[in-house]
Peer 1: 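I am attaching a structure below and will ask some questions about it afterwards.
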Amino acid sequence: MGAQEKSQANANPMQRVKVYRLNDDGKWDDQGTGHVTVDSMERSEELCLFVIDEEDNETILLHRISPDDIYRKQEDTIISWRDPEYSTELALSFQETTGCSYIWDNICNVQRNLNFNSLNSETFHSMNSELRELPPVELSALPLILKTLTESGIADQMRLTELILNDQDFFRKLMDLFRICEDLENIDGLHMIFKIIKGIILLNSPQIFEKIFGDELMMDIIGSLEYDPDVPHVQHHRNFLKEHVVFKEAIPIRDPLVLSKIHQTYRVGYLKDVVLARVLDEATVANLNSIIHGNNAYVVSLLKDDSTFIQELFARLRSPTTLEESKKNLVHFLHEFCGLSKSLQMVQQLRLFRDLMNEGIFDIVTDALQSQDKKLVLTGTDILILFLNQDPNLLRSYVVRQEGIPLLGLLVKGMITDFGEDMHCQFLEILRSLLDSYTLSGAQRDTIIEIFYEKHLGQLIDVITASCPPEGIAQSASSGGRVESTKPEILSNICELLCFCVLHHPYRIKCNFLLNNVVDKVLLLTQRREKYLVVAAVRFVRTILSRHDEHLINHFVKNNLLKPIVDAFVANGNRYNLLNSAVLELFEYIRKENLKSLVKYIVDSFWNQLVNFEYLASLHSFKVKYEQCLESSGTNNNVNSVDPRKRNDERALEKEEEDYFNDSDEEDTASASHAQRAQAQPVLSNGVAASYSSLSPRSGGLVDYDDDEDDEDYRPPPRKQSETLEEDEGTMDSLRLKRKSASSKEKEPELVKKQRLSKNPKSRDSVFAALCSTLSQAVLPSKKNASSMQLTPHTDDRSKGVGEQEDSSNSINSSNNSSSDEEIHRDKEPTASRSCSDCMHGGSDNRQLSGEDCALIPPKSSPEMAVNGT
């Protein structure tokens, strides 16, 4: 064989493969190792895969490359496929990835050429020759019709659809053959007809669907699909549709077109979901769904536009003579009618629901919710949910009316009633939608919320307390009595609704909870055996704390409300479950939000119980947060306890200084002789007017300053004991006078002046100091400006020579302006008075002589000369 020689010549590691075949046990059998090539067969143009054994040059594999998508490339070194000729799985495992890629590219190129050639030759040739007309619909021609349907390409399918639609008698003749074969029990013919009908449906033509789904052909089409060759037994679809499916008319529908669409819709749905559920592709299923959707819209449009039909429907629902069974059917019909309205456009849906509300559909639902039939109650809730999904304001506007108030009560009652089915969630969703504060308008919101909180919230809380009695009552009930049990799902839904109310109505919830101890009652759920109810109670507390309401937080601390949660957490032990996570998340939230009162309350009250869980990161961080709170509170207490005393001492000292200066101003104003003497004094040696020296509070000697201790080199000469005693007595007298009331100051101003003036005569030292300052100004004129800017430590403040005279001169100018203002602002502005005194200190410091100027003063001069010589 030429292919063998070529393979032998071109043998290389890149084309070296192993051939595998999948056996019946699902295992791969090794067929040998060789070299693979893509080449044409002898005397044929077909391209094939050749694998020649590397040892004996025998052909291990010969495979015609198919245009179908049967080849798969796996892991870069394996090509596998299912051989349609031998119905077996084959695989080539390559030694090199490059060889695998090379052969894979060759296979893809061959497939591309095959498909292109078939498109250019076979398809168009068949369109122009074979499919000019369909084969005759006869029993002998059934195999040819089947072959035409199954082997046609895309272009052929379009041509087939056109030919079938043009032949008006095609389906009628085909159904006649079906009945003949069924009468003759020709199973082969029935199997072929099944495949033909299935192939026609898979053409997915809406025009064909319109023909075969008509009333004349529909049942025969379904009958022909009963004979599936892949199913061993015959299916009885027609028998089910005729005998078991019953069409109930709650109210007579007189339009035959509406009836036809209703029947067609059901049968198409049955065909899609039951008969051909295994066969249909997604495109065909979508097309069938569009037919169902269109039929529903058509039926609802015709019925809603028929005013007599709607009026008759509600008249029968309200009539007291209507039987109970008939009313149930009418309610079920009304529910189905509202559900089918989804097929309408949005504007038409809104118009329909408004018309139904005006006809009184909510009154009908109210009656249905009071029924003992649980299915009827479920149907009523479904109708309400349909309205809420469409336009919630329609139901809300009804509930706020006087006739709609009972409906809200029935919804609450339904939520706490055990129906034995999962209906509680429906009541919960309806109530949440009615109480949603984000979508309600002002008047509706206030009315609905007020009705709910005044009349119905207490019912929900009572259900919790009845199902979770306190410990004492629970023990007595367990010993002999019986406690009313409530379904756990109901309690869980109540907690969900309460959490919703906390988020949406914080003010109402706060007032109601604080007045009625609702939190205490809800926390009774922690005594329940069901863990998810305990978690629901924890979630309820977490929701309340998220509001950051101080009154509610204080309510928790005051009434020790977290004790049940801590007890449940401790009782849970080391089990890592939802309860453990919920409580830890609650503690973590309190810590992160810095709720200090709760942090202190939890640690102070329950740390003896929680200390066993301190190894958990959340509780350890919680304890650290508690210690930080204690430190911060201790610091604040220290600041609050120390600062007032400091402020009081400072204010007392400043007040004494102000009183002193006020007294000196009054005294100096009265002594004219001293004022004239002060005015007669010239500018001092440093160029500053002598009258400004009175601004310095140091002349008073009432406050000690740090500057007094800095001058360690200066040693003032000792004064005479008599002068020291006289000055001490004068200072004490002045302090005593300052503590007197304002009335005593007004009565004895002259006496105070005489006492102070008698103890502070102008000494000769002050005259000598003035002379020295004059000499210093004459000798060192160039250093005049520099000395005015330098500061020198001042000496003892006990001498008051020239300084007092300068005080008197300054007080004449300022006493009239400041005497009244200082008394008014003395207590209000302690800081201002302190800054004023600092300015006075600065003024006196600026008037001190520099070190060079002080050298002119005799070292044995008196303290008065050292101070006042400046």
Side-chain angles (χ1 to χ4, degrees), residues 206 210 213-215 245-269 288-319 322-323 325-369 375-376 378-399 401 403-404 407 426 430 433:
E210 187 176 355
F213 293 156
D215 293 340
V245 176
V246 180
F247 176 63
K248 293 183 179 180
E249 281 186 287
I251 184 171
I253 299 175
R254 298 175 178 84
D255 191 342
L257 189 56
V258 173
L259 289 173
S260 174
K261 290 293 183 183
I262 292 174
H263 291 302
Q264 184 189 66
T265 302
Y266 181 83
R267 290 166 182 171
V268 171
L288 295 178
N289 286 332
S290 65
I291 293 174
I292 296 172
H293 189 273
N295 286 349
N296 290 335
Y298 183 79
V299 170
V300 174
S301 298
L302 290 179
L303 292 180
K304 78 178 182 63
D305 293 337
D306 189 354
S307 58
T308 57
F309 174 80
I310 299 295
Q311 292 175 0
E312 185 179 357
L313 172 63
F314 282 94
R316 289 195 178 192
L317 284 168
R318 293 193 190 94
S319 175
T322 305
L323 298 177
E325 189 65 27
S326 298
K327 280 189 177 181
K328 291 180 181 179
N329 293 333
L330 289 171
V331 172
H332 289 305
F333 172 80
L334 194 59
H335 169 244
E336 189 172 358
F337 183 67
C338 294
L340 293 178
S341 65
K342 295 179 180 179
S343 304
L344 299 175
Q345 296 181 355
M346 186 60 65
V347 178
Q348 294 179 342
Q349 289 184 48
L350 290 173
R351 188 179 297 118
L352 173 62
F353 277 91
R354 289 195 184 98
D355 293 341
L356 292 177
M357 187 191 72
N358 294 331
E359 290 292 337
I361 188 172
F362 292 134
D363 296 332
I364 304 301
V365 172
T366 303
D367 295 337
L369 293 180
K375 291 185 178 180
L376 190 62
L378 177 62
T379 305
T381 57
D382 289 339
I383 294 174
L384 293 180
I385 290 177
L386 289 173
F387 270 83
L388 289 174
N389 292 335
Q390 184 62 43
D391 188 2
N393 289 324
L394 295 177
L395 181 57
R396 292 167 184 160
S397 61
Y398 174 79
V399 172
R401 301 177 193 169
E403 63 271 16
L407 179 59
Q426 292 176 302
I430 296 172
S433 181

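None of the values given here were measured: they were computed from a predicted structure. Residue indices begin at 1 and follow the sequence shown.
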Peer 1: Give me the ring orientation class for Y398 and F362: parallel if the planes are under 30° apart, tilted from 30 to 60°, perpendicular past 60°.
Peer 2: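 Geometry flag for F362 against Y398: tilted rings.
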Peer 1: Write down the atom of A250, the atom of F333, and the distance for their closest heavy-atom approach.
Peer 2: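 Reported closest heavy-atom pair: CB-CB, 3.9 Å.
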Peer 1: Output yes when a side-chain donor or acceptor of N389 lies under 3.5 Å from a complementary backbone atom of I385, and no otherwise.
Peer 2: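 Yes.
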Peer 1: Of the non-hydrogen atoms in I253 and L259, which two are nearest, and what is the gap between them?
Peer 2: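 So the two residues come closest at O-CD1, 3.6 Å.
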Peer 1: Could you check whether atom CD of E336 has more than 12 heavy atoms from other residues, nucleotides or ligands sitting under 6.0 Å from it?
Peer 2: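 At most 12 heavy atoms, drawn from other residues, nucleotides or ligands, come within 6.0 Å of this atom.
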Peer 1: Indicate every side-chain donor-acceptor pair of residues 288-297 with a distance under 3.5 Å to a residue at least two apart or in another chain.
Peer 2:
from	atom 1	to	atom 2	distance (Å)
N289	OD1	K272	NZ	3.4
N289	ND2	V285	O	3.3
S290	OG	N287	O	2.5
S290	OG	N287	OD1	3.4
N295	ND2	Q264	OE1	2.9
N295	ND2	T265	OG1	3.2
N296	ND2	I292	O	3.3

Peer 1: Tell me every residue that passes side chain to side chain donor-acceptor pair (under 3.5 Å) with H332, counting only those two or more places apart in sequence or in another chain.
Peer 2: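 So H332 forms a side chain to side chain donor-acceptor pair (under 3.5 Å) with T379.
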Peer 1: For R316, does its backbone N or O pair with a side-chain atom of S319 as donor and acceptor, under 3.5 Å?
Peer 2: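 Checking the backbone N and O of R316 against the side chain of S319, no donor-acceptor pair under 3.5 Å is found.
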Peer 1: To the closest 0.5 Å, what do you measure between OG (S301) and CG (L340)?
Peer 2: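 Going from the OG atom of S301 to the CG atom of L340 covers 11.0 Å.
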Peer 1: Could you go through L302 and F309, starting from their C-alpha distance and side-chain angles, then the distance that decides it, and tell me whether this counts as side-chain contact (heavy atoms from CB on, under 4.5 Å)?
Peer 2: CA-CA 10 Å; L302 290 179; F309 174 80; over 6 Å; no
Peer 1: For E312, look at atom CD and say whether over 12 heavy atoms of other residues, nucleotides or ligands are found less than 6.0 Å away.
Peer 2: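 Count over threshold, so yes.
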Peer 1: Given side-chain contact (heavy atoms from CB on, under 4.5 Å), test L352 with F337 step by step and report yes or no.
Peer 2: CA-CA 10 Å; L352 173 62; F337 183 67; 3.9 Å; yes
Peer 1: Is the shortest heavy-atom distance from the side chain of L317 to the side chain of D363 under 4.5 Å?
Peer 2: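 The answer is no, as the side chains (C-beta and beyond) never meet within the 4.5 Å cut-off.
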Peer 1: Rounded at 0.5 Å granularity, tell me how far CD1 in I251 sits from CG in L330.
Peer 2: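 One finds 7.0 Å between CD1 of I251 and CG of L330.
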Peer 1: Once rounded to the nearest 0.5 Å, what's the spacing between atom CD1 of I361 and atom CZ of F353?
Peer 2: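 If I round to the nearest 0.5 Å, the distance is 7.5 Å.
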Peer 1: Can D391 and Q349 be counted as having a side-chain donor-acceptor contact under 3.5 angstrom?
Peer 2: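 Absent: no donor and acceptor within the cut-off.
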Peer 1: Kindly indicate, with the supporting measurements, whether the criterion side-chain contact (heavy atoms from CB on, under 4.5 Å) is fulfilled by H335 and L386.
Peer 2: CA-CA 9 Å; H335 169 244; L386 289 173; 4.0 Å; yes
Peer 1: What's the separation between atom CD1 in I262 and atom CZ in R267, rounded to the nearest 0.5 Å?
Peer 2: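 Taking CD1 in I262 and CZ in R267, the distance rounds to 12.0 Å.
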Peer 1: At what distance, to the nearest 0.5 angstrom, does CG of L407 lie from CG of L384?
Peer 2: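 One gets 6.0 Å once the value is rounded to the nearest 0.5 Å.
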Peer 1: Between S260 and D215, which heavy-atom pair has the shortest distance, and what is it?
Peer 2: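 Of all heavy-atom pairs spanning S260 and D215, the closest is OG-OD2, 3.0 Å.
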Peer 1: Going by side-chain contact (heavy atoms from CB on, under 4.5 Å), K304 matches just one of L344, D355, L356. Which one?
Peer 2: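 So, applying the side-chain contact (heavy atoms from CB on, under 4.5 Å) to K304 and each of L344, D355, L356, only L344 qualifies.
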Peer 1: ring-ring contact (aromatic ring centres under 6.0 Å, His included) for Y266 and F247? Distances and angles first, verdict last.
Peer 2: CA-CA 10 Å; Y266 181 83; F247 176 63; 9.7 Å; no
Peer 1: Is E249 atom CD crowded by more than 12 heavy atoms from other residues, nucleotides or ligands, each under 6.0 Å away?
Peer 2: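 Yes, enclosed.
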Peer 1: Any sub-3.5 Å donor-acceptor pair from R396's side-chain atoms to S433's backbone N or O?
Peer 2: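 Yes, because the side chain of R396 sits within donor-acceptor range (under 3.5 Å) of the backbone of S433.
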Peer 1: Yes or no on side-chain contact (heavy atoms from CB on, under 4.5 Å) for Q390 and S341, after CA distance, side-chain angles and deciding distance?
Peer 2: CA-CA 10 Å; Q390 184 62 43; S341 65; over 6 Å; no
Peer 1: Once you round to the nearest 0.5 Å, how far does CG of L394 lie from CZ of F387?
Peer 2: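 Going from CG on L394 over to CZ on F387, the span is 6.5 Å.
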Peer 1: Can any side-chain N or O of Q426 pair as donor or acceptor with the backbone N or O of I430 at less than 3.5 Å?
Peer 2: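 Not a single qualifying donor-acceptor pair exists.
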